[in-house]
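Everything below concerns the one structure shown next.
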Amino acid sequence: MLKVKTKILIHRPLEEVVNFSAAPDNAPLWYKNIDSAEWKTGQSLEVGNQIAFHAKFLGRDLAYTYEIKEFIPMKKLVMETANGPFPMMTIYEWENDGPESTRMSLINQGTPTGFSILAKPFMGLMMKRANEKDLQLLKKIME
């Protein structure tokens with residue numbers, strides 16, 4: 001299993017950071033590799049709802065659908081996809097770090113299949129770099 005965890009401190013209140021970062025419609029604004037997000041089922045962060053994403057990673061066009069597996073308001077969002085070349089779970093965790101600051105964690109974990117197995121070490125490094133850039137962009141937008 002491949003697991004990449006990235007953290008950042010954003011100088012904005014918890015509620016603002018959660019409301020912006022958890023909204024799939026905002027993902028293309030702060031994820032460099034995501035081109036679009038489209039709700040496939042109900043447009044709320046409820047367990048079972050699905051969102052289709054189109055992205056580019058390592059020079060490849062990717063289309064995958066995430067299903068919301070868990071949402072604890074102001075704490076945690078868990079989304080998972082079973083399709084595509086690299087089935088993955090993405091987890092956002094948020095915590096207060098004072099009245100005007102939020103600590104956010106972005107965790108990606110999954111089990112590579114096919115060609116992805118051979119590229120696992122490289123993929124982990126690339127995912128870490130991409131996540132760091134994405135969280136820095138989120139910070140820039142929010143602050």
Next on the checklist: I'd like to check the side-chain hydrogen bond (donor to acceptor under 3.5 Å, both in side chains) partners of Trp30; sequence neighbours left out, ordered by chain and number.
Outcome noted: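 None.
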Do [X] and [Y] come close enough that some side-chain heavy atom pair is under 4.5 Å?
X: Arg103; Y: Ile8; answer: no
X: Leu2; Y: Met127; answer: yes
X: Leu135; Y: Met104; answer: yes
X: Thr65; Y: Phe53; answer: no
X: Leu138; Y: Tyr31; answer: no
X: Lys40; Y: Ile51; answer: no
X: Arg129; Y: Asn131; answer: no
X: Ile34; Y: His54; answer: no

Item to check | side chain to side chain contact (heavy atoms under 4.5 Å, CB included) against Asp25, all qualifying residues, sequence neighbours excluded | outcome: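 Residues passing side chain to side chain contact (heavy atoms under 4.5 Å, CB included) with Asp25: Trp39.
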Item to check | Under 3.5 Å donor-acceptor, Asn19 side chain and Glu15 backbone | outcome: yes
Next on the checklist: Same cluster or not: Ile72 versus Ile107, using hydrophobic residues (I, L, V, M, F, W, Y) connected whenever any side-chain heavy atoms lie under 4.5 Å apart?
Outcome noted: no
Checklist entry - Are Met79 and Leu62 in one and the same hydrophobic cluster, where Ile, Leu, Val, Met, Phe, Trp and Tyr link if side-chain heavy atoms are under 4.5 Å apart? => result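 Linked within one cluster.
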Checklist entry - Between Val78 and Tyr92, is a side chain to side chain contact (heavy atoms under 4.5 Å, CB included) present by the stated rule, with each step listed? => result CA-CA 7 Å; Val78 179; Tyr92 300 160; over 6 Å; no
Is it the case that the side chains of [Y] and [X] hold a donor-acceptor pair, with the cut-off being a distance below 3.5 Å and no angle test?
X: Thr90; Y: Tyr66; answer: yes
X: Asn96; Y: Thr102; answer: no
X: Ser105; Y: Trp94; answer: no

Closest non-hydrogen atom pair, [X] against [Y]:
X: Ser101; Y: Leu9; answer: CB-CD1, 4.0 Å
X: Leu45; Y: Pro24; answer: CD2-CD, 4.0 Å
X: Pro28; Y: Ala37; answer: CG-N, 4.1 Å
X: Val47; Y: Lys69; answer: CG2-O, 3.5 Å

Take a 6.0 Å sphere around [atom1] of [X] and say whether it holds more than 12 heavy atoms from other residues, nucleotides or ligands.
X: Lys133; atom1: NZ; answer: no
X: Lys3; atom1: NZ; answer: no
X: Glu16; atom1: CD; answer: yes

Checklist entry - Rounded to the nearest 0.5 Å, what separation is found between the CD atom of Glu93 and the NZ atom of Lys76? => result 5.5 Å
Next on the checklist: Evaluate Ile91 against Met89 for side chain to side chain contact (heavy atoms under 4.5 Å, CB included), listing each step before the verdict.
Outcome noted: CA-CA 7 Å; Ile91 303 165; Met89 180 179 288; 3.9 Å; yes
Item to check | Pair Asn26-Ser21, side-chain hydrogen bond (donor to acceptor under 3.5 Å, both in side chains): steps then yes or no | outcome: CA-CA 7 Å; Asn26 291 333; Ser21 63; over 6 Å; no
Checklist entry - When you check the gap from the basic side-chain N to the acidic O, do Asp35 and Lys56 get nearer than 4.0 Å? => result yes
